[in-house]
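Report on the following structure.
Values in this document were obtained by computation on a predicted structure and should not be read as measured data.
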Amino acid sequence: QVQLVESGGGLVQPGGSLRLSCTASGTFIRIYRMGWYGQAPGKQRELVAAITPDGITNYVDSVKGRFTISRDNAKNTLYLQMNSLKPEDTAVYYCNRVAYTVDWGQGTQVTVSS
């Protein structure tokens with residue numbers, strides 16, 4: 001089973017920005033539809049952004065215009081650029097394929113607070 005490793009989270013003030021990264025071995029990120037999921041305190045994990053191998057993206061309404069999902073196939077890395085962050089974005093963020101998810105990584109904590 002592939003290992004997913006998320007990084008880039010941290011504490012940021014409202015209106016700030018972060019870029020999350022997700023790495024996986026081999027061609028995993030390139031060949032599957034990949035997503036970023038957020039799990040807020042006391043809530044279930046929710047898909048917030050997804051990207052197909054051909055670059056078609058989808059976002060949950062609450063992050064449209066603020067978050068951008070992308071991939072760098074040469075680096076086997078998935079990214080989530082998070083701009084104009086709001087306190088309600090506070091969550092642990094995970095990456096995974098959208099269909100037939102593999103074992104989840106540890107995620108990376110994003111905390112938006114003043």
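Side-chain N/O atoms of Thr77 and Asp72 include no donor and acceptor closer than 3.5 Å.
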- Task: May I have the step-by-step check of side chain to side chain contact (heavy atoms under 4.5 Å, CB included) for Thr23 and Glu6, ending in yes or no?
- Result: CA-CA 7 Å; Thr23 60; Glu6 300 93 346; over 6 Å; no
- Query: Could you go step by step and tell me if Thr101 and Trp104 meet the side chain to side chain contact (heavy atoms under 4.5 Å, CB included) rule?
  - Reply: CA-CA 8 Å; Thr101 56; Trp104 299 92; 4.2 Å; yes
- Item | Worked verdict on Tyr59 versus Ile69 for side chain to side chain contact (heavy atoms under 4.5 Å, CB included) | CA-CA 9 Å; Tyr59 303 91; Ile69 187 171; 3.5 Å; yes
- Can you check side chain to side chain contact (heavy atoms under 4.5 Å, CB included) on Val60 and Leu47, steps first, answer last? CA-CA 7 Å; Val60 69; Leu47 180 66; over 6 Å; no
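No side-chain donor-acceptor contact under 3.5 Å links Arg97 to the backbone of Met34. The closest donor-acceptor contact from the side chain of Asp103 to the backbone of Gln3 lies at 3.5 Å or more, if one exists at all. Remark: side-chain polar atoms of Tyr94 are not paired, donor with acceptor, to backbone N or O of Thr108 under 3.5 angstrom.
Residues Val102 and Asn96 form a side-chain contact, since some pair of their non-hydrogen atoms from C-beta on lies under 4.5 Å apart. Considering only heavy atoms from C-beta on, Pro14 stays 4.5 Å or farther from Lys86 through its side chain. Looking at Ile56 and Ile51, their side chains never come closer than 4.5 Å, going by heavy atoms from C-beta outward.
Taking all atoms of both residues into account, the shortest heavy-atom contact from Ser25 to Val2 is OG-CG2, 3.3 Å. Of all non-hydrogen atoms in Ser84 and Ser17, the two that sit nearest each other are N-OG, 4.3 Å. Scanning both residues, Cys22 and Leu4, for their nearest heavy atoms gives SG-CD2, 4.4 Å. Shortest non-hydrogen contact noted between Leu78 and Ser70 is CD1-O, 3.3 Å.
To the nearest 0.5 Å, atom SG of residue Cys95 and atom CZ of residue Phe28 are 8.0 Å apart. To the nearest 0.5 Å, the span separating CG on Asn58 from OG1 on Thr52 amounts to 8.5 Å. Separation of atoms CD (Gln109) and CG (Leu11) is listed at 9.5 Å; rounding is to 0.5 Å. Within the model, atoms OG1 of Thr68 and CG of Leu80 stand 8.0 Å from one another, a figure rounded to the nearest 0.5 Å. Considering CD1 of Ile29 and CG of Asn73, their distance stands at 9.0 Å, rounded to 0.5 Å. Here CZ of Arg30 is found 9.5 Å from CZ of Arg71. Values are rounded to the nearest 0.5 Å.
No more than 12 heavy atoms of other residues, nucleotides or ligands lie within 6.0 Å of CD in Gln106, so this atom counts as exposed by the packing criterion. Heavy-atom neighbours of Gln44 CD from other residues, nucleotides or ligands within 6.0 Å: at or below the threshold of 12.
The cluster map of Ile, Leu, Val, Met, Phe, Trp and Tyr, joined by side-chain heavy atoms under 4.5 Å apart, puts Val12 and Met82 in the same cluster. At a threshold of 4.5 Å between side-chain heavy atoms, the hydrophobic network of Ile, Leu, Val, Met, Phe, Trp and Tyr places Val112 and Val48 in one connected group. Leu85 and Tyr79 fall into different hydrophobic clusters, defined by Ile, Leu, Val, Met, Phe, Trp and Tyr side-chain heavy atoms under 4.5 Å apart, directly or through other members. Taking hydrophobic clusters as Ile, Leu, Val, Met, Phe, Trp and Tyr residues chained together by side-chain heavy-atom distances below 4.5 Å, Tyr32 does not share a cluster with Tyr37.
Remark: aromatic rings of Phe67 and Trp36 are distant, center separation not under 6.0 Å.
Every residue two or more places apart in sequence or in another chain that forms a salt bridge (charged side-chain N to carboxylate O under 4.0 Å, His left out) with Asp61 is listed here: Lys64.
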